[in-house]
Amino acid sequence: MNRLLARPGRSVAPGRRVPLVATLGLALAAGSLAPSASAAAGDPATVETPPVVSQRAIDEHAATEPQLSLDAPAALPPVTIAASPYERGPAPTVASIEAARGPFAVAQTTVSRFAASGFGGGTITYPTSTAEGTFGAVAISPGYTAAQSSISWLGPRLASQGFVVITIDTNSRYDQPSSRGDQLRAALAYLTGSSSVRGRIDASRLAVMGHSMGGGGALEAAKDNPALQAAIPMTPWNTDKTWPEVQTPTLIIGAQNDSVASVTTHAEPFYENLPGSLDKAYLELRGASHFAPNTSNTTIARQSIAWLKRFVDDDERYAQFLCPPPSGTAISEYRSTCPY
């Protein structure tokens with residue numbers, strides 16, 4: 001209402017109180033002066049004459065109307081943005097997501113090859129407390145000929161930030177990406193359906209990761225299951241270069257000096273051929289080899305934690321580590337579809 005009263009060409013002295021009727025009068029005048037359809041067509045005889053209101057009537061009405069001060073706009077209640085119900089842990093900092101361990105104490109349990117169905121067994125690492133509720137879950141596959149030990153460092157690193165993590169062995173060390181994708185999905189089904197920690201997991205918040213052919217398998221899993229909340233292929237390898245079917249937010253991690261799955265023939269085309277409308281990012285590790293994900297790596301951990309938190313937990317506190325794009329000596333290139 002203040003904008004109507006203090007329109008250009010009309011000054012109001014500070015502290016002056018203006019009758020609310022003035023606003024009403026403007027609205028009435030606007031309605032009474034509007035020409036009828038025939039007048040708009042050019043017939044002046046149909047234009048209605050606005051009613052004449054005496055100054056005395058205005059003054060008498062103003063004496064009984066609520067008064068509106070133009071000293072300052074009325075105070076509005078503060079806007080509160082609801083936090084995600086899946087936020088877990090304290091507000092993050094660079095130090096907290098780069099730390100070797102997060103705020104949650106963790107424990108581990110082993111899944112034997114004989115107890116597993118559809119994958120070769122593995123190790124589950126999980127937060128010991130459920131005081132904050134259930135957690136999202138992540139399945140991680142090793143690369144060609146490798147065992148779960150090659151990516152075991154990621155179990156405690158991610159679980160201590162508030163995830164249930166299973167690092168798997170594959171049925172055969174020679175399994176191709178498509179098979180590894182099926183095994184990642186089987187591992188998630190085991191976690192949520194029959195594992196000893198299933199009560200700690202929110203089955204609607206699941207993600208996949210993998211190294212090399214396991215990274216190619218993460219893309220296969222995301223293609224086959226659009227309900228997945230996040231995918232992180234690390235120095236991925238796959239003969240399929242196009243992924244238009246993927247609807248899962250995907251962070252692809254490449255290595256600048258990868259001679260096994262060169263970024264020019266694997267990681268980069270994978271990223272570019274994901275849908276343009278997808279939440280996606282491409283992180284290239286400066287000077288790194290194909291085997292960078294096989295040992296503890298702060299850059300991989302930091303960006304993976306931020307990605308999982310943002311999309312599995314819908315925790316916007318972690319968006320700051322994704323947008324604007326991260327930089328530093330450890331990163332040779334970064335592409336993204338920010339903002340998320």
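Quick note: residue numbers are just sequence positions, from 1.
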Q: Run the numbers on E284 and S332 for side-chain hydrogen bond (donor to acceptor under 3.5 Å, both in side chains), then give the verdict.
A: CA-CA 6 Å; E284 187 176 287; S332 55; 2.8 Å; yes
Rounded to the nearest 0.5 Å, what separation is found between the [atom1] atom of [X] and the [atom2] atom of [Y]?
X    : Y    : atom1 : atom2 : answer
L154 : Q148 : CG    : CD    : 12.0 Å
L184 : I140 : CG    : CD1   : 9.0 Å
L285 : Q303 : CG    : CD    : 10.0 Å

Q: Search all heavy atoms of W237 against all heavy atoms of A261 and return the closest pair with its distance.
A: CD1-CB, 3.8 Å
Do [X] and [Y] belong together in a cluster built from hydrophobic side chains that touch within less than 4.5 Å?
X    : Y    : result
I201 : L158 : no
L278 : L322 : no
M234 : L251 : yes
I168 : L228 : yes
L283 : I151 : yes

Q: Answer yes or no on whether K241 is positioned over the face of F270, meaning its NZ or CZ is under 6.0 Å from the six-membered ring centre and within 45° of the axis.
A: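 Output no; distance or angle outside limits.
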**Q.** Electrostatic pair E98-R302, nearest N-O below 4.0 angstrom
**A.**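 Salt bridge present between E98 and R302.
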Q. Are R286 and E333 close enough for a salt bridge, meaning some N to O gap below 4.0 Å?
A.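 Result for this pair is no, no salt bridge flagged.
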Q.
Exactly one of E220, Q176, R180 should register a side-chain hydrogen bond (donor to acceptor under 3.5 Å, both in side chains) with N238. Which one does?
A. E220
**Q.** Centroid-centroid under 6.0 Å between Y86 and F135 rings
**A.** no
**Q.** Whether H290 and H211 hold their rings parallel, tilted or perpendicular, with breakpoints at 30° and 60°
**A.**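 H290 and H211: tilted rings.
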Q. Taking the six-membered ring for Trp, are F311 and W307 parallel (under 30°), tilted (30 to 60°) or perpendicular (over 60°)?
A.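 It falls in the tilted class, 30° to 60°.
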Q: Take Q108 and T125 through the test side-chain hydrogen bond (donor to acceptor under 3.5 Å, both in side chains) and record every step on the way to the result.
A: CA-CA 4 Å; Q108 290 185 324; T125 312; 3.0 Å; yes
(Q) For the backbone of L188 and the side chain of T192, can you confirm whether one donor and one acceptor N or O come within less than 3.5 Å of each other? (A)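 A pair under 3.5 Å: yes.
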Q: Walk me through it: do T170 and S141 pass the test side-chain contact (heavy atoms from CB on, under 4.5 Å)?
A: CA-CA 7 Å; T170 49; S141 169; 4.0 Å; yes
Q) Testing S336, P339, P249 for side-chain contact (heavy atoms from CB on, under 4.5 Å) with D279, which one passes? A)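 So, applying the side-chain contact (heavy atoms from CB on, under 4.5 Å) to D279 and each of S336, P339, P249, only P249 qualifies.
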